[in-house]
Amino acid sequence: MAAQGKVNWLTLSVIFASVGTVALIAFLLTQKSPAAASMPKTVDYNFHIRPILSDRCFKCHGPDARQRKANLRLDTEEGLYAALKDNPSEHVFVAGDPGKSEAFRRIASQDTSVLMPPPSSNLKLSQHEIDLIEKWIAQGAVYKKHWAFVPPQETTVPKSGSDWVVNEIDEFVLAQLDNVDLEPNEEADRERLLKRVYLDLIGLPPTLEQQDAFLADQSDNAYEKVVDALLANKHYGEKMAIQWLDVARYADTHGYQDDGLRTMWPWRDWVIHAFNENYPYDKFVRWQLAGDLMPDPNKEMLLATGFNRNHKITQEGGVIDEEYRIEYVTDRTNTFGKAFLALTFECAKCHDHKYDPISQKEYFSTFAFFNQVAEKGYQGDIYSGTAADVPRISIKKEDIEGILDFVNKKDSGLLNVMIMRDSNVFRPTHLLSRGAYDAPAEVVPMGTPDRILGFDTTQFSKNRLGLANWVLDETNPLTSRVFVNRTWEQLFGRGIVKTSGDFGMQGELPSHPELLDWLAVDFVKNGWDIKRLIKQIVMSGTYRQSSVVSKEKLARDPENIYLSHAPRIRLTAELSRDLVLASSGELTEEIGGPSVKPYQPKGIWEVATSGRGLTRYNQDHDDKLYRRGLYTFIKRTVPPPSLLVFDASNRDQCEVRRLRTNTPLQALVMMNDPQVNEAARVLAESLINDEDKIEKAFRLIICRKASNKEIDILSKYFEEEKKTFTSNVADADKLISIGEFKHQKIEDKAGLAAMIEVIMTIYNMEEAIVKS
Amino acid sequence: MNPFLENKLNVNRRHFLGKLSLGIGSAALGSLLIPDLFSSSGDDQALAAGLPHFAPKAKRIIYLHQNGAPSQLESFDYKPLLNKMAGQELPESIRNGQRLTGMTSDQKKFPLVGSYFKFAQYGKSGAWISELFPHLASVVDDLCIIKTLHTEAINHDPALTFMQTGAQQGNRPSMGAWLSYGLGSDNKNLPAFCVLLSRGKGNGQGVYSKLWTNGFLDSIHQGVQFSSSEEPVLYLNDPSGITKEGRRKMLDKLSELNSMGYEEFGDPEIQTKVQQYEMAYRMQTSVPEITDLSKEPDHIIKMYGPDCLMPGTYAANVLLARKLSESGVRFVQIYHQGWDQHGNLVGEMPMQARDTDRASAALITDLKQRGLLDETLVVWGGEFGRTNYCQGDLSKENYGRDHHPRCYTVLMAGGGIKPGIVYGETDDFGYNIVKDPVHINDFHATILNRMGLDHEKLTFKHLGRRYRLTDVGGKIVPAILA
Amino acid sequence: MSKFQKVVGNILFGLNALLLFFLLFDSRMEYPAWVQSVGRMHPLLLHLPIGGVLFVFVLLFFKNKFQDIINGVLGLSAVLAAVTAIMGIVLSKEGGYNEDTLNAHRLSGAILSFVLAATYFVSTNRKVLNITTGVSFVLLLVAGHYGSVLTHGDDFVFGPLISSEEHKIVVTDSTSLFAAAIKPVFDTKCTSCHNDKKSKGGLVLSTREGIAKGGEHKPLLTPSSPHGSLLMKRILLPEEHEDHMPPKGKAQLSASEVQLLFQWILSGADTAKAWTRYSPSDSVRKLAEQVIRTNSKTSMGPHYTFEAASEETIERLNDPYLTVRPVALGEPALAATFFIKNEYKPSKLQALSAINQQLVELNLSKMPVTDEDCEVIRKFDNLEKLNLNFSSITEKGLQTLSSLPELRSLSIAGTSIKDLNALKDFKKLKEVFIWNTPAIFVDGDFPQLVFNTGFIPDEKEKLRLTPPIPSSDKTLLDKDEPIVLTHKLPGTVIRYTTDGSDPDSTSAKVYDAPFTIDGYTIVKTRACKDGWFCSPVGTFILYTKGVHPLETKLFTQPNKDYKGEGPATLSNDKKGFTDDHRDIAWIGFRENPMSAGFKFEKGADIKNITLSFDHNTYGWLFPPAKVEIWGGTDEAHLSLIKQLKPEQPKGLQATRNEALVIPLEKEARGFETYKIVAWPLPELPKWHPSNNPKTKDKRAWLFVDEIIFSQ
């Protein structure tokens, strides 16, 4: 018992100690922590107040008229200062007087009977938020239009005079860092910088030669030379395409039930082509949205419109045609909203949007643009259905030799691709009550959300081309911001607006609003030049700084919102695969073509199939086994597991931002996927007789010279394993026989097996598939 | 609580606090440091804890989905009137504007047809069960038979998606993913949400991985496909030539190297990664022990039926499901294809029943005898019902039935559900519900409730909106709660 | 027959005549007010005849005794019954009753009266008397039941037996206070008289509408003014007062319920407002919460009062193989589960002592827990549920555990425990799981316990084993690749043949080690074990790889839909699946014969050629009608060296991947070039179901996936 007592005392004291330290840390941090914590000097409606109101109040007091309680709305200026319905002498907010502001009294109340939001809503405000609102009222309760709905203004670049600064981007970033009293990191070491920029621009690691060349090049513009080379590299288009394929929900099957084959890959080849040719973003968008409606469109412009046919198409017998046709148009409308405007259109289909100024009527006005396609909801079941439903184009030999020379078509067979074409007869669009296909209400005209940017029919034609021009109009507050932000996200792992898919009221606020606007304006001013934008960013000191993160920075800015260091980001599913194949020398560098079926655990398709359509996974062979990840065949109902495990999109819907998780299953894939093990074998075979085989392997995969300690560990490991395998040749035989890639005759089997294990270990190092 | 939840790479604030890992302290610290962390309603904390909102009745779920929609009229919803009126037209007053699938919409006549199979009453509740399900009939006193589930969807894909994710369209998280998100897994060496697939001899309709998708939740909540074959989990087995010791050694070298990386970069995710590899290794060692059938005594094999010795069969999967559930897996989802009898119902349904009846009943008995039934919720059912009229040619010996959304039967057992009752009534035509309808949202709400979760509180904010499994609906069904 | 009897007899006759009259013409009659009050004596009077009849019923058990008393009592009861019945009919005119129930009551009551009268007249004859009294006793019950339904509502008698789920409701934060707390009061205390079936005073309290509507003296509620509300007025009247509700004799409202209703009306009598939206300080909410606690089956599970353990302690205890977590958010109670046998250590169990107060559930299933460990477990004072399935504990350990004060559920399935006597000493134990133990007990030994003995296999039931399966699903094996047969059920004997014959369960070769085959082989297997029927025969058609030709050519065009991978299809080591003809492993011929050329190195010594095809009679896929083998130095110089007409199936057969093995004689072995020509069957056999006048094109198909050349 006494012993017990002691133990308890021990634990107690430990607890006290720890709590103490926490309190201390907390204290210290608040003294020096980012602006975030302390109450801002001036409370801004856009940045401090609306996010709260939107998240906690708009559901019942927002844009949605039908849901609006007590006829009170907080999303408009009028609404904020309005008198109460049942007591006109009282007002919602009274500038300068929190006590008189009914809304404030309600949210601050202790009495749950009057408290807002009501407990039953499962929503509540933190004390900090209440204080913010109080202070805002005290300061005059000034209303501002939602930042994202105000066209970006040219912002003046701060001048710091710091020599850390390379270009304008750094000025903005540095200014923010100063605000929160953080220092940027110095430039990353050359090897890491090289790997970073290679992975970001072409998605492949630098070869030994490329590494050596860069290390040797002492000229000041050595880095810039690399950047320019990469932007001109044919793999640049592939890297850029991956993200766009998510946005465009590209896949190789139709997606519902029997999930038959579709041939949209020529469209995918076009995307790669467009990026490689550096089509300006406006052209890129205009062609995809309305290539078919432009004056005498050529086949390439038609092919581009395939963007809007990438949605799922049903082949389930017995579906109701109209139900699914509406489903497709809905998908296009939602995709349009998310892809180009970063708005959650889908929330306005069944009722007015609860947070953003998109009424149900406006939803269907936009819907109307995509409602004209000469298509059917149900083209036929898996047997009568086709790989490309009408409207479609046939790609002929002369096209391949001519205007569509980028389409990687090998066989002579017929090749059809789905495209957009409006029917000759105008289809009036009804508002659908509850969004139900069989509940049409009044007819609505073509249009767009008015409070974001009205659709001026004197300026824009009433068809998709008009819509495309509306999107690209310089007064459109969203388009350029959205794309610039997404590009930024690609390179830094986190957008200036974190919610890159939602610029609405519920979205997060830009961490660097001025920078975002400056980039957006600059981007348009320079002719929507994508390569230029990317160069601008990767040249910046912000991008080039090292990714080392100090305890203090980690504690003060765990999400690295303020970019006091470069991010460390795990590669996407496709790029992880690419890194393995490229470093081992297996990679097939071919661009485009029909999607391929690499190794996949057996039985995955077979067990899920209805017995119709693509029932069996017929794995490919030879160089098709070693194509880049973006060419892996995506059967929507059974996406490739190894990619899915690494957070790849299942291409069910438009997706602008992937999650980034770290799971045991990923570890299993890296350790046991035959693709990785085979790569280790192939690389081992090519290095086994090399003096410094381990150093080379390490450099090929990690893209830097290994430290002595690292070499020690690995060489020791090699020797040990070699011993084990020498005493057990059977295992060695098994290990070295993995994979279909051509085997080289190696005498020293034990050595080879040991080397394979060493390389597998390097592949599984955290740093291997991480951009740091 | 559960590493599967904790060790996520995407460093979010909650995660960061998790690292500091001191509940009360962190709240204070957190709100000082990042004001808007705790502002967004209670659900975040609920997740952080990965705990039920209130004391649960059920800890785990085994969901036996009968994919393709077994006919309620040949199984658990006895309608003698249909036999009396066989061949006569379905009265318009009964159909009452129900939309039809393209498969029967152009059919001239809708002749009623009664069950070819005999029914008898069983158990305390005197429930009517057809001769196709003798084993389920023998455990009827443990079953709660709900005759009045109903849906809006009339086609498999949307109906299945609705049943599993609470929405007909859209890439929403499935029930299992929600539970993984809300509760995590008890066994830290196994995923919280496992999926098992099998196919019967009847007309199949396919299954789609979106049925066990994590949707907008972290992919950690994605259903992990298990199989009763030699590789129970994808990529679980070491490459041939690598021994357990070899693998262990490699992991040790790996953590040595990675810890060097941590010293250089100070990125906590590096440590997380090391933990992930350790967990993967533990999976490699523990899963085979769990999935090994050879330890099962003869009479257990007898109980589930010899089919359970054939990898990939329904019986084998149900037995595996019990073993996974017993080992703490929160949600085991089984899909068994082949229940889509548009025609040749008399030929196919007995085969489907033979493949599933014995094992389904065995599962309930087996859980019960281990004292696990009261904390394990078992569900058996399809995605919608089948029409009371014949699709295609009606003969004395054979007929078919089309999809019917207005009513279908689902069985529940254990996990705080009242045993030995029949809930809800359909009309004598087996076409409309006359008493106690249960919408899919209600069904989900009730299941979450048994798991200790308030379906209105289990939310996730995605692109500006807080999503729920029950979307905007869902009423708990009190009468079936034990 | 005494004078008394005569008189009584006449009275009886008169009364029953009157009763009959009332019964028939009741609907047409009007009563003066004074009669009404007479009618209201029905409930009072009815008890007398009941008593009487019961008394007689008892007396009848004494053979041939008390005849006089019986006569007297019978007469009196009969008279009273008639009077009561008449009064009842009068009373029924006041209305507010459910018609059907009322009629049933009226009728049964009347008949009872008649029968009693009859009984009185025959009372001298014991035999008849016994019967009629029996009958009237039954009638008594029937009438009584309907009466009770009228006054006390449905299931007044059996209600307690029928579970009261209807009153229970699930409360979430958004449930209205009305539904959560007020309605339950109405449901238990008021709706028996004020429901849609029976609405005394036209008032229905079972629905929101009814409450809003009020009754004859509407309105029922005046929001915010309890004293102004009829509901409270009636409730607050002294119980003696005739307008007091619930009426005297019915279940009365408890003080707190009165308070609750009062406060609810005071707060505005809102039927929609969620209970959480009332201020916690609000007394109506305070009162409501009490009701919710008692009624609700969810939200608020068990509430434990003991101290919570610190998070540090909990985190310290958790490890990959031991999970310790609270049973719910904000609950101090903890549940612990151990995983993976080899990772279990007694010390880990010992460590749980740190939470010996908080631990309510402990799952040690499959862990090697010993009796010593039970000494640790017994210290978990609040342990309610303990799972020791398949652990190593014995009677001794069981005895140790018996001191657990709170234990309710215990699982010891799969243990060696035989003697259960220790169970007697458990205080709160309710359920025990002893499946798969040698334990035996006699019913009644443990009255307070529920045992689950689990599934007992039916010894008579014999099931058929499944056939053994090869460990790999490869059908095209490397040379000398071993074939491994497995069966998941331990202890099965596997027998097999390689000559195509069915292995019988006694003489066929027993599989004891992996074996190899040479070329195309049909392996047949069968598994047997005592207590099971032997498995059906499993058939596996296997091939071994041969020499690869340097070059493969096709001289004829395959069908355009089934080109496979061109000529390569025939020698790419890819076998096709019989159910998937679109699989590129297959190459299909119908219009043309298959004519293929194969080139080998000099001196390639081909001993036989295996032509592997899809045998699918249902799908019109048949063996070739004719095959020719040509050999020579090159394409230009080939000579026919062999030709054969394979046997055709005589009827529909199971689909399978089959082969034709064509041995080459010495002189035919040395060639560098071989040509193989195979003709599809020109017409489906007569017996084929599809061979009927309706079918235009009757040509069969030839599907080949591989041609193997073995040395």
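Predicted model only: the values in this text are computed from it and were never measured. All chains are named by letter (A, B, ...) in the order of the sequence lines, taking the proteins before the strands, and each is independently numbered beginning at 1.
Atom CG of residue B/Asp238 and atom CG of residue A/Asn672 lie 5.0 Å apart, to the nearest 0.5 angstrom. Remark: B/Leu217 CG to A/Leu659 CG distance equals 8.5 Å, nearest 0.5 Å. Going from atom CG of B/Leu257 over to atom OG1 of A/Thr761 covers 7.5 Å, rounded to the nearest 0.5 Å. A/Gln506 CD to B/Leu463 CG: the interatomic distance, rounded to the nearest 0.5 Å, is 10.5 Å. Note that CG of A/Asp55 is 3.5 Å distant from NZ of B/Lys461, once rounded to the nearest 0.5 Å. Atom CG in B/Asn214 sits 8.0 Å away from atom CG in A/Asp647 (nearest 0.5 Å).
The parts of A/Gln257 that come within reach of chain B are both its backbone and its side chain, each placing non-hydrogen atoms under 4.5 angstrom from that chain. For A/Arg636, the part lying under 4.5 angstrom from a heavy atom of chain B is the backbone only. For a residue to count as touching a neighbouring chain, one of its non-hydrogen atoms must lie under 4.5 Å from one of that chain's; by this rule A/Leu644 touches chain B with backbone and side chain alike. Only the side chain of B/Asn203 has a heavy atom closer than 4.5 Å to any heavy atom of chain A. Only the side chain of A/Tyr355 comes within contact range of chain B, with at least one heavy atom under 4.5 Å from a heavy atom of that chain. Only the side chain of A/Asp652 comes within less than 4.5 Å of a heavy atom of chain B; its backbone N, CA, C and O stay farther away. For A/Lys312, the part sitting under 4.5 Å from any heavy atom of chain B is the side chain, from C-beta outward, and nothing else. Residue A/Lys354 does not touch chain B at all, counting heavy-atom pairs closer than 4.5 Å. If you measure heavy-atom distances from B/Leu251 to chain A, the contacts under 4.5 Å come from the side chain alone. Contact of A/Met505 with chain B is not made at all, since no heavy-atom distance falls under 4.5 Å. Within the 4.5 angstrom heavy-atom criterion, no atom of A/Lys59 approaches chain B. For B/Thr213, the part lying near chain A is the side chain, with the backbone staying farther off; criterion is any non-hydrogen pair under 4.5 Å. Neither the backbone nor the side chain of A/Glu678 comes within less than 4.5 Å of any heavy atom in chain B. Using a 4.5 Å cut-off between heavy atoms, A/Glu323 touches chain B through its side chain atoms alone. With a 4.5 angstrom heavy-atom cutoff, A/Pro639 touches chain B via backbone and side-chain atoms both. Proximity to chain A is limited to the side chain of B/Asn258, based on heavy atoms less than 4.5 angstrom apart. In this structure, the portion of A/Phe725 lying under 4.5 Å from any heavy atom of chain B is its side chain and not its backbone. For chain A, the nearby part of B/Phe216 is the backbone; its heavy atoms alone come within less than 4.5 Å. For a residue to count as touching a neighbouring chain, one of its non-hydrogen atoms must lie under 4.5 Å from one of that chain's; by this rule B/Thr243 touches chain A with the side chain only. At a 4.5 Å heavy-atom cutoff, the contact between B/Leu197 and chain A is made by backbone and side-chain atoms alike. Proximity to chain B is absent for every atom of A/Ala732, based on heavy atoms less than 4.5 angstrom apart.
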Worked check of side chain to side chain contact (heavy atoms under 4.5 Å, CB included) between B/Glu269 and A/Arg570 | CA-CA 10 Å; B/Glu269 290 319 306; A/Arg570 196 209 70 221; over 6 Å; no
Hey, mind stepping through B/Lys273 and A/Met765 against side chain to side chain contact (heavy atoms under 4.5 Å, CB included) and telling me if it holds?
-> CA-CA 9 Å; B/Lys273 182 124 177 181; A/Met765 281 174 64; over 6 Å; no
Which is it for B/Glu231 and A/Lys602 under the salt bridge (charged side-chain N to carboxylate O under 4.0 Å, His left out) test, yes or no, and what are the steps along the way?
-> CA-CA 10 Å; B/Glu231 186 164 53; A/Lys602 69 168 193 257; over 6 Å; no
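Here the shortest heavy-atom pairing between A/Thr663 and B/Gln276 reads C-OE1, 3.2 Å. Between A/Ser642 and B/Tyr235 the shortest heavy-atom distance is CB-OH, 3.3 Å. The minimum heavy-atom distance linking B/Met260 with A/Ser707 is given by the pair CE-OG, 3.6 Å. The minimum heavy-atom distance between A/Leu668 and B/Leu234, with the atom names listed, is CD1-O, 4.3 Å. For B/Phe265 against A/Ser772, the heavy-atom pair with the smallest separation is CZ-OG, 3.9 Å. For the residue pair B/Ile220 and A/Pro664, the shortest heavy atom distance occurs at CD1-CD, 4.4 Å.
Annotation: maximal heavy-atom pairing with chain A below 4.5 Å, among B/Ser198, B/Ser240, B/Ser255, occurs at B/Ser240. Comparing A/Ile320, A/Thr499, A/Val638, A/Asn728 by heavy-atom pairs within less than 4.5 Å of chain B, the highest count is held by A/Ile320. Contacts with chain B were tallied for A/Asn677, A/Ile604, A/Val607, A/Asp331; A/Val607 has the most, counting heavy-atom pairs under 4.5 Å. Note: B/Gln222 leads B/Glu245, B/Gln222, B/Glu152 in heavy-atom pairs under 4.5 Å with chain A. Here A/Lys709 is the residue among A/Gln127, A/Lys709, A/Lys338, A/Gln666 with the most heavy-atom pairs under 4.5 Å with chain B. Considering only heavy-atom pairs separated by less than 4.5 Å from chain B, the leading option among A/Asp731, A/Asp258, A/Thr330 is A/Asp731. Taking chain A as the reference chain and counting heavy-atom pairs below 4.5 Å, the highest number among B/Gly338, B/Ser105, B/Pro239, B/Pro158 is found for B/Pro239. Between chain B and the options A/Thr609, A/Asp673, A/Thr344, the largest number of non-hydrogen pairs under 4.5 Å is found for A/Thr609. Interface remark: of the candidates B/Met250, B/Gln225, B/Glu264, B/Met250 forms the most heavy-atom pairs closer than 4.5 Å to chain A. Put simply, of A/Pro674, A/Pro641, A/Ser610, the one with the most heavy-atom pairs under 4.5 Å next to chain B is A/Ser610.
Note on B/Lys249 versus A/Glu721: salt bridge recorded, some NZ/NE/NH1/NH2 to OD/OE distance being below 4.0 Å.
Under 3.5 Å, the side chains of B/Tyr208 and A/Asp259 contain no donor-acceptor pair of N or O atoms.
Looking only at distances, a side-chain donor or acceptor of A/Glu316 sits under 3.5 Å from a matching main-chain atom of B/His156. A donor-acceptor pair is defined here as one N or O able to donate and one able to accept, closer than 3.5 Å; no such pair exists between the side chain of B/Thr101 and the backbone of A/Val319.
Scored by the salt bridge (charged side-chain N to carboxylate O under 4.0 Å, His left out) test, B/Lys253 finds A/Glu720 as partners (sequence neighbours excluded). Legend: residues meeting side-chain hydrogen bond (donor to acceptor under 3.5 Å, both in side chains) with B/Asn171, ordered by chain and number and at least two apart, are A/Asn650.
Between B/Tyr277 and A/Met670 there is a side-chain heavy-atom pair separated by less than 4.5 Å.
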